[in-house]
Protein chains: 2
Amino acid sequence: MREFVYKHSKHLVAVDCIIFGYEKGQLKILLSRRRFQPAKGKWSLMGGWVGENETVKKAAERVLSEITGLKEIYLEQVSVFSDPARDPGGRVISVAFYAMIYINRQDTELVKQHRAKWWPFEKKPELIFDHNRMVESAHERLKVKAGYELIGEDLLPEKFTILQLRRLYEAVFQQPIDPGNFRKKVLSLKILEKLAEKNTDDSRKGAYYYQFNHHPESIIKERIVKI
Amino acid sequence: MREFVYKHSKHLVAVDCIIFGYEKGQLKILLSRRRFQPAKGKWSLMGGWVGENETVKKAAERVLSEITGLKEIYLEQVSVFSDPARDPGGRVISVAFYAMIYINRQDTELVKQHRAKWWPFEKKPELIFDHNRMVESAHERLKVKAGYELIGEDLLPEKFTILQLRRLYEAVFQQPIDPGNFRKKVLSLKILEKLAEKNTDDSRKGAYYYQFNHHPESIIKERIVKI
DNA sequence: ACAAAAGTGTTTCGGCTACACCCATGC
DNA sequence: GCATGGGTGTAGCCGAAACACTTTTGT
């Protein structure tokens with residue numbers, strides 16, 4: 001054993017995940033009904049305990065794969081929530097992470113088993129404890145990120161149109177974005193690759209599909225949307 | 001007792017503080033020699049345990065006031081460091097905070113007692129464990145913050161000249177900044193108040209002192225330095 | 001006289017904004 | 001032919017950057 005040096009009180013440490021998805025033009029968030037006391041049955045973020053031999057990020061990945069069946073999910077640490085009274089069930093220090101998921105890739109059965117449901121972000125219910133604040137912080141972070149680098153790789157299908165990408169941005173920022181300017185800005189980053197195929201579902205004329213190109217040199221951080 | 005609900009392994013949780021100061025045109029950082037094993041005598045960040053009934057921020061504030069004698073210090077959470085092997089003395093989850101301090105306001109005796117020393121940021125020694133990475137993250141955060149809102153209120157004396165403020169920015173970004181443009185940009189934010197008094201130490205002509213005005217409406221977030 | 005910072009002014013340049021405008025096509 | 005999105009072009013505006021220039025005063 002290594003635990004020979006430090007003598008001090010210990011804490012329960014948890015992770016809570018704000019899971020963003022995108023479907024039918026809407027930003028969504030995956031929530032579940034709590035399966036134990038306190039606040040059993042209430043809507044909450046997906047969470048889990050941090051184990052003895054894992055990082056907090058690994059714990060969050062474990063929670064996400066337990067619920068969605070997915071590995072290699074985009075995850076970013078938001079912040080620690082540590083008010084001693086934040087959880088009426090006991091003193092729990094929680095690290096919030098946000099994730100981005102392409103909804104159609106999830107394991108629908110698993111999600112159902114966990115009594116989880118995708119909510120449109122603007123219509124999400126009240127959450128337990130400080131989870132509302134966590135969601136707020138995560139959304140802020142998502143906006144900052146989306147404002148400075150192109151998001152969508154983890155939220156959209158492999159191939160998508162510029163319209164779909166713009167609708168995603170409009171959903172994230174909850175404001176309309178000029179179509180022409182958005183197109184020019186996004187394409188100027190040179191991280192999207194035009195495909196031969198066209199999408200004719202959303203328009204008469206048909207729009208070319210694009211995909212993220214995976215050349216690592218192209219991870220450019222430049223302002224996309226001003227906040 | 002409230003600890004009746006959850007059964008799960010617990011963790012030691014610590015805070016580590018990256019304490020920035022500014023003195024004689026240099027960005028500085030407060031480090032201390034470790035007073036216990038492992039890595040006793042090596043340079044490290046100031047840290048402490050998170051108690052049973054305090055938030056991580058309160059723990060960081062406690063650590064800071066123990067060492068500098070100061071209350072009400074500017075503190076911002078950086079990130080959680082939780083590699084199970086990050087501390088050879090045991091499994092410790094650590095939350096990193098950065099702080100900004102006006103060095104002359106500290107309790108010099110207390111600092112000495114803690115075997116702590118202000119190091120010029122660019123000449124700091126190797127630190128224990130993952131503390132180097134913590135400092136790096138904190139510095140990144142500081143630059144982002146300074147790039148979007150005017151810092152200095154916590155690092156500079158009550159009254160200061162535009163030159164002193166610019167020197168601070170140059171120290172934070174470690175790059176020269178155009179004097180004329182910086183002056184115009186900073187004053188355009190309208191959060192500095194010109195005083196009647198002049199400083200004649202740094203120039204022949206003498207420069208007016210300024211101070212932060214404390215009207216809460218003036219907390220403007222606008223880009224000051226492009227990163 | 002000179003140096004060094006204070007303080008102001010000016011020119012240029014690039015990017016963002018707000019549009020206008022043509023294209024393609026299913027109804 | 002009309003509505004809808006696709007896609008391109010452009011004039012105007014604004015702020016950043018670069019830098020010239022004048023002021024002040026101790027040495």
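All values below were derived from every heavy atom in this structure, side-chain atoms included, with hydrogens, water molecules and symmetry-related copies excluded.
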Problem - Residue-level proximity of residues 199-212 of chain A to DNA chain C when a heavy atom falls under 4.0 Å - result: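 Residues of residues 199-212 of chain A under 4.0 Å from DNA chain C: A:R204, A:K205.
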Can you measure [X] atom [atom1] to [N] atom [atom2] for me and round it to whole angstrom units?
X      : N      : atom1 : atom2 : answer
A:I177 : C:dA18 : CD1   : C1'   : 15 Å
A:R183 : C:dC16 : CZ    : P     : 17 Å
B:K184 : C:dG9  : NZ    : C1'   : 7 Å
A:N181 : C:dG14 : CG    : C1'   : 15 Å
B:K194 : C:dA6  : NZ    : P     : 12 Å
B:F182 : C:dG9  : CZ    : C1'   : 19 Å
A:K198 : C:dA24 : NZ    : C1'   : 8 Å
A:R166 : D:dG7  : CZ    : C1'   : 12 Å

Problem - Centroid-centroid under 6.0 Å between B:Y74 and B:Y102 rings - result: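 Centroid distance B:Y74-B:Y102: not below 6.0 Å, so no.
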Exercise for the section: Establish, yes or no, whether a centroid distance under 6.0 Å links the rings of B:Y22 and B:F121. Expected result: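 No, too far apart.
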Practice task
Report yes if at least one side-chain N or O of A:K185 is closer than 4.0 Å to OP1 or OP2 of C:dC16; otherwise report no.
Solution key: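 A:K185 to C:dC16 OP1/OP2: side-chain N or O found under 4.0 Å.
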Exercise for the section: Would you indicate what A:I162 reaches in the nucleic acid, counting non-hydrogen atoms under 4.0 angstrom: base, sugar-phosphate, or nothing? Expected result: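 Here A:I162 touches no strand at all.
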Exercise for the section: Just grab all the salt bridge (charged side-chain N to carboxylate O under 4.0 Å, His left out) pairs involving residues 96-123 of chain A, residues at least two apart or on different chains. Expected result: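 Salt bridge (charged side-chain N to carboxylate O under 4.0 Å, His left out) check on residues 96-123 of chain A returns no pairs.
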Taking the side chain as every heavy atom from C-beta outward, state whether [X] and [Y] have any pair of such atoms under 4.5 Å apart.
X      : Y      : value
A:E23  : A:N104 : yes
A:N199 : A:L163 : no
A:L70  : A:L64  : no

Problem - N/O donor-acceptor pair under 3.5 Å between A:N132 side chain and A:L127 backbone - result: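 At least one qualifying donor-acceptor pair exists.
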Handout entry: 5' precedence on DNA chain C between B:P179 and B:R167 (nearest-nucleotide basis)
Key =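 That would be B:R167.
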